[in-house]
Chemist: 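I'd like to ask some things about the structure below.
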There are 2 protein chains.
Amino acid sequence: METKIEPISLVDTVTKRLEAAIINGQLAPGERIREQVLAVEMGISRGPLREAIRRLEGRRLLERTANIGVRVAELSPQKLDELLTVREALEGMACRLAAERISDDEVAQLRALLDSHAELKDVSSGAGYYQKSGDFDFHFRIAKASENGFLMSMITGDLYDLLRVYRYRSSTMQGRAGAALDEHRTIVEALARHDPDGAEAAMRKHLRNARIHSQLAVQQMEMAAKAEAN
Amino acid sequence: METKIEPISLVDTVTKRLEAAIINGQLAPGERIREQVLAVEMGISRGPLREAIRRLEGRRLLERTANIGVRVAELSPQKLDELLTVREALEGMACRLAAERISDDEVAQLRALLDSHAELKDVSSGAGYYQKSGDFDFHFRIAKASENGFLMSMITGDLYDLLRVYRYRSSTMQGRAGAALDEHRTIVEALARHDPDGAEAAMRKHLRNARIHSQLAVQQMEMAAKAEAN
DNA sequence: TTCGCACGGACTGTCAACCATTTCCGGGGT
DNA sequence: ACCCCGGAAATGGTTGACAGTCCGTGCGAA
């Protein structure tokens with residue numbers, strides 16, 4: 001028996017559907033959720049739905065006010081900045097640990113990944129792909145190489161999901177692809193040298209740039225929105 | 001109207017009771033939880049109990065296997081080490097941010113706090129108090145001074161709760177009180193200088209020492225247990 | 001007109017009973 | 001000794017009901 005089928009509960013699927021709905025904007029930030037309505041829409045009963053909501057509550061995707069209802073978490077540029085700062089701390093540490101433990105094989109895989117990115121960068125339609133799976137893959141592999149279960153689940157799980165809710169597109173998208181690739185290479189080289197300090201510093205710098213860049217982008221968006229309002 | 005009374009739901013109280021039961025060991029690690037039994041014991045119905053369980057699941061205090069049941073999270077020295085490593089990353093970052101933003105007033109409060117610790121250290125029965133509220137207070141204030149909501153809630157909430165489940169007693173308890181106090185002072189001085197790098201480094205060093213020390217303590221305990229088994 | 005207040009609908013919070021499905025355990029039979 | 005099968009028990013999910021709270025509406029009074 002190769003594939004051990006693991007039964008998926010309704011709560012799990014509902015949780016994912018809710019999560020997806022929040023991420024793609026079907027449920028707008030701040031929007032109120034009514035249990036009965038949603039339960040009927042999804043064709044389930046209130047029980048599992050409530051349990052799913054509790055989970056997302058714990059992950060800060062939903063906020064509940066007693067006797068009032070549940071709302072989709074409100075976002076703000078400031079909160080995004082805070083989140084990205086936490087990411088700096090966690091991924092920096094992950095990168096440090098990875099530098100101590102990473103194998104030559106894993107380093108080779110990372111290099112190959114970056115090479116493929118370099119090629120895609122030239123393709124006009126490539127940028128989308130780059131962001132979508134490539135960049136995540138890079139950070140994901142490093143988190144995994146840290147061999148710290150908590151760190152990994154936070155980086156690739158909770159944190160990543162939250163960032164998606166914030167509609168955060170890795171700032172590599174916003175004209176930083178070239179710079180990001182260079183930074184990625186710097187990180188990999190530090191990992192290859194098994195240089196914890198260098199690796200952490202490189203990752204921190206990379207994410208700090210991404211964070212600052214994203215804040216600038218947000219500010220520009222707000223400026224544009226304000227200009228349009230006049 | 002100062003205190004706006006906010007209604008507490010059954011789920012909230014149940015969550016806290018479960019949490020407390022896990023922390024103080026009434027529910028042993030790895031122990032299985034049966035919904036119906038527990039629901040009857042607590043005098044509630046299965047609904048709210050299940051919702052509370054889902055929450056603690058999200059906080060990794062409980063682990064669920066589909067169709068089998070819920071168990072209290074299993075602990076291991078390795079996981080504790082991983083957790084303390086995450087703490088290093090988060091509190092290090094918090095300390096860095098705090099150094100940039102902390103006010104003279106807050107610095108003065110921290111100094112006063114450490115002075116009171118220094119006095120207590122001499123009192124024989126003081127060690128317990130020192131750990132119980134004092135050490136937490138120190139780290140709590142710094143997390144707060146970081147002015148990063150996510151960081152703070154992680155450090156003083158999720159992370160702290162998990163550590164309590166691991167029965168982790170800040171290693172200041174284990175004969176490190178004196179050294180810890182010195183390290184605390186180093187941290188505060190860096191904060192007073194508004195020196196982010198120094199503050200982060202000092203906090204990281206402090207927590208690294210605590211982590212290593214705790215691992216040593218765990219090893220000793222295991223050695224002792226093994227010796228006793230013979 | 002405007003403020004205040006009571007009424008009623010709507011929604012959350014909780015409970016209870018019920019059924020389906022799966023797991024677990026023990027008693028067979030081979 | 002091993003395997004298989006049946007029943008007990010626990011989880012997973014559904015339904016329906018009801019209490020409590022919140023909120024908007026509309027009426028009445030200043």
Side-chain angles (χ1 to χ4, degrees), chain A residues 1-22 26-74, chain B residues 1 3-19 21-22 26-74:
Chain A
M1 278 299 153
E2 272 301 314
T3 56
K4 50 177 98 175
I5 46 158
E6 49 186 74
I8 48 169
S9 70
L10 230 197
V11 180
D12 288 331
T13 60
V14 169
T15 304
K16 285 201 180 105
R17 273 185 66 179
L18 265 181
E19 194 184 328
I22 296 173
Q26 283 174 30
L27 293 175
E31 182 175 337
R32 185 173 166 196
I33 289 179
R34 270 144 333 160
E35 294 178 359
Q36 310 200 49
V37 177
L38 199 56
V40 172
E41 274 181 18
M42 302 180 81
I44 59 173
S45 64
R46 280 175 65 205
L49 177 60
R50 283 178 63 95
E51 290 179 25
I53 289 176
R54 291 290 184 193
R55 270 219 216 145
L56 295 181
E57 236 179 283
R59 285 168 52 192
R60 297 185 171 73
L61 293 190
L62 296 177
E63 289 171 351
R64 157 168 261 130
T65 345
N67 290 323
I68 305 278
V70 181
R71 310 174 136 281
V72 179
E74 202 69 66
Chain B
M1 276 299 158
T3 56
K4 48 179 93 173
I5 45 155
E6 52 185 72
I8 47 170
S9 70
L10 232 197
V11 180
D12 287 332
T13 61
V14 169
T15 304
K16 286 205 180 100
R17 272 186 67 178
L18 265 181
E19 193 184 330
I22 295 173
Q26 282 174 30
L27 292 175
E31 182 175 336
R32 187 173 164 197
I33 289 179
R34 273 155 321 173
E35 294 178 358
Q36 311 201 43
V37 177
L38 199 56
V40 173
E41 274 181 18
M42 302 180 82
I44 59 173
S45 68
R46 279 174 62 206
L49 177 60
R50 285 178 61 98
E51 291 179 24
I53 288 176
R54 291 288 183 192
R55 269 220 222 146
L56 295 181
E57 234 179 284
R59 285 168 52 190
R60 297 187 171 71
L61 294 190
L62 297 177
E63 289 171 353
R64 154 169 265 129
T65 349
N67 290 323
I68 304 278
V70 180
R71 308 169 135 282
V72 179
E74 201 69 69

Chemist: Round to the nearest Å and state the distance from A:L10 atom CG to C:dC19 atom P.
Modeler: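 Nearest whole value for this atom pair: 20 Å.
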
Chemist: Please check the phosphate of D:dG12 (OP1 and OP2 only) for any side-chain N or O of B:R50 closer than 4.0 Å.
Modeler: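 For D:dG12, OP1/OP2 do have a side-chain N/O of B:R50 under 4.0 Å.
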
Chemist: C:dG13 C1' sits how many Å from A:E57 CD, rounded?
Modeler: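 Going from CD in A:E57 over to C1' in C:dG13 covers 13 Å.
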
Chemist: Whole angstroms only, please: what is the CZ-P distance between A:R54 and C:dT12?
Modeler: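 That distance rounds to 12 Å.
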
Chemist: Measure the shortest side-chain to side-chain distance between B:L61 and B:L18 over non-hydrogen atoms and say whether it is less than 4.5 angstrom.
Modeler: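 Side-chain contact under 4.5 Å: no.
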
Chemist: Taking A:I68's backbone N and O only, do any of them form a donor-acceptor pair with A:T65's side chain (distance below 3.5 Å, no angle check)?
Modeler: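 Not a single qualifying donor-acceptor pair exists.
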
Chemist: Between C:dT12 atom C1' and A:L62 atom CG, what is the distance in whole Å?
Modeler: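 Answer to the nearest Å: 15 Å.
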
Chemist: From the options C:dT23, C:dT14, D:dC22, select the nucleotide whose nearest atom is closest to the side chain of B:N67.
Modeler: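 Of the options given, the side chain of B:N67 lies nearest C:dT23.
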
Chemist: Among C:dC11, D:dT11, D:dC23, which is the nearest nucleotide to the side chain of A:R32?
Modeler: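 Output: C:dC11.
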
Chemist: Please classify the nucleic acid contact of A:V70 as base, sugar-phosphate, or nothing, using heavy-atom distances under 4.0 Å.
Modeler: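 Nothing, no nucleic acid heavy atom in range.
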
Chemist: Please check: side-chain N/O of B:E19 versus main-chain N/O of B:K16, any donor-acceptor pairing under 3.5 Å?
Modeler: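 Answer holds: no.
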
Chemist: Please report, rounded to the nearest Å, how far the C1' atom of D:dT21 is from the CZ atom of A:R64.
Modeler: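 Those two atoms, CZ and C1', are 14 Å apart.
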
Chemist: Does B:R46 place a side-chain N or O at less than 4.0 Å from the phosphate oxygens OP1/OP2 of C:dA17?
Modeler: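 No.
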
Chemist: Any side-chain heavy-atom pair from B:R34 and B:V70 closer than 4.5 angstrom?
Modeler: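 Answer no - side chains too far apart.
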
Chemist: Using a 3.5 Å distance criterion without hydrogens, assess whether the side chain of B:R71 forms a donor-acceptor pair with backbone atoms of B:G30.
Modeler: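 Judged by distance alone, yes, a pair lies under 3.5 Å.
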
Chemist: Tell me the interatomic distance from B:R71, atom CZ, to C:dT23, atom P, rounded to whole angstroms.
Modeler: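 Going from B:R71 (CZ) to C:dT23 (P), I get 15 Å.
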
Chemist: With a non-hydrogen cut-off below 4.0 angstrom, is A:I33 in contact with a base, only sugar-phosphate, or nothing?
Modeler: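 Contact class for A:I33: sugar-phosphate only.
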
Chemist: Could you give the CZ-to-C1' distance, from B:R34 to C:dT23, as a whole number of Å?
Modeler: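 To the nearest whole Å, that distance equals 14 Å.
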
Chemist: Nearest to the side chain of A:P48 - C:dT14, C:dT23, D:dG13?
Modeler: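 Taking heavy atoms from C-beta onward, the closest nucleotide is D:dG13.
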
Chemist: If you assign each of A:G43 and A:I68 to its closest nucleotide in DNA chain D, which residue comes earlier from the 5' end?
Modeler: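 Going by which nucleotide is closer to the 5' end, it is A:G43.
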
Chemist: Give the nucleotide from the list D:dT14, C:dG13, C:dT14 with an atom nearest to the side chain of A:E35.
Modeler: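 Taking heavy atoms from C-beta onward, the closest nucleotide is C:dG13.
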
Chemist: Please report the distance, rounded to the nearest Å, between CD in B:Q36 and C1' in C:dC18.
Modeler: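 After rounding, the reported distance stands at 12 Å.
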
